[in-house]
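Reading through the structure tokens given below for one structure.
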Amino acid sequence: MRLVLALLASAGSFWPAEAQNGLAPFEIVGDAIAAPLHGLSGDPVRGRQIVITRQKGLCLLCHSGPFPEERFQGNLAPSLAGAGSRSTEGQLRLKMVDSSRMNPSSLMPAYHRTDGLVQSSRAFAGKPIFTAQEIEDVVAFLKELKE
């Protein structure tokens with residue numbers, strides 16, 4: 001049984017034991033998580049609010065984007081402008097869930113992962129930064145950012 005679970009996990013799926021930590025199960029196919037987490041629909045208005053709110057996502061700490069009202073946008077990571085043109089919805093979802101799956105040296109935090117994290121604050125120990133709904137909201141917003 002342990003071997004079967006190890007083989008399934010290595011295939012890119014995320015299983016119910018982790019779901020007990022508030023994480024949604026997902027399947028990685030290629031470089032994307034094609035299906036929305038828990039089958040949820042995202043709200044781009046809520047997603048934009050998460051992206052620009054420095055107390056929640058901290059996205060603008062590293063990224064810049066089409067947010068003229070926001071001062072002090074980051075320059076450590078790619079601009080979010082055109083994110084929906086550069087990446088598919090599934091790729092955006094995987095980047096949000098765990099960007100290190102696409103780029104092992106990524107500075108971006110894993111917003112929907114709890115295992116293997118070494119620099120988490122105690123407040124987030126064993127809990128994801130974003131809920132499945134928040135991931136879907138941000139993805140819905142980012143996919144609208146076309147160039």
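On a predicted model such as this, the values are computed, not experimentally measured, just so you know.
Gln91 contributes no side-chain N or O that, together with a main-chain N or O of Asp31, makes up a donor-acceptor pair within less than 3.5 Å. Checked by atom type and distance alone, the side chain of Lys56 never pairs as donor or acceptor with a backbone atom of Ile50 at under 3.5 Å. When atom types are taken as modelled, the side chain of His63 and the backbone of Ser79 share no donor-acceptor pair closer than 3.5 angstrom. A side-chain donor-acceptor contact under 3.5 Å links Ser99 to the backbone of Met108. Distance alone, capped at 3.5 Å, is enough to place a donor-acceptor pair between the Gln73 side chain and the Phe67 backbone.
Connection of Ile135 to Leu58 is not established within any shared hydrophobic cluster, with ILVMFWY side chains joined at heavy-atom distances below 4.5 Å, either directly or through further cluster members. Note on Leu94 and Leu40: separate hydrophobic clusters, where clusters join Ile, Leu, Val, Met, Phe, Trp and Tyr whose side-chain heavy atoms are under 4.5 Å apart, directly or indirectly.
Residues meeting the side chain to side chain contact (heavy atoms under 4.5 Å, CB included) test with Asn75, sequence neighbours left out: none.
In this structure, Met96 and Leu142 approach most closely via the heavy-atom pair SD-CD1, 4.4 Å. His112 and Phe130 get closest at one heavy-atom pair: ND1-O, 2.8 Å. Between Lys146 and Gly84, the closest heavy-atom pair is NZ-O, 3.1 Å. Of all heavy-atom pairs between Pro66 and Arg48, the closest is O-NH2, 4.0 Å. Closest of all the heavy-atom pairs between Ile28 and Gly30 is CG2-O, 3.6 Å.
Contact annotation: the side chain of Arg54 approaches that of Glu70 to within less than 4.5 Å [non-hydrogen atoms, C-beta and beyond]. The side-chain heavy atoms of Ile52 and Glu69, taken from C-beta on, include a pair separated by under 4.5 Å. Side-chain contact between Leu37 and Val97 is present, with heavy atoms from C-beta onward closer than 4.5 Å. When side chains are defined from C-beta on, Ile129 counts as touching Pro109, because their heavy atoms get closer than 4.5 Å. In this structure, Asp137 and Gln133 have side chains that are in contact, with non-hydrogen atoms separated by less than 4.5 Å. Proximity of Pro128 to Glu134: side-chain heavy atoms (C-beta onward) are nowhere separated by under 4.5 Å.
More than 12 non-hydrogen atoms from other residues, nucleotides or ligands lie less than 6.0 angstrom from CG of Leu76.
Residue pairs meeting the salt bridge (charged side-chain N to carboxylate O under 4.0 Å, His left out) criterion with at least one partner in residues 76-91, sequence neighbours excluded, are Glu89-Arg93, Glu89-Lys143.
Taken from OG1 in Thr131 to CD in Glu136, the straight-line distance is 9.5 Å, to the nearest 0.5 Å. Rounded to the nearest 0.5 angstrom, Ile33 CD1 and Leu92 CG are separated by 11.0 Å. In this structure, OG in Ser87 is found 11.0 Å from CG in Leu145, a value given to the nearest 0.5 Å.
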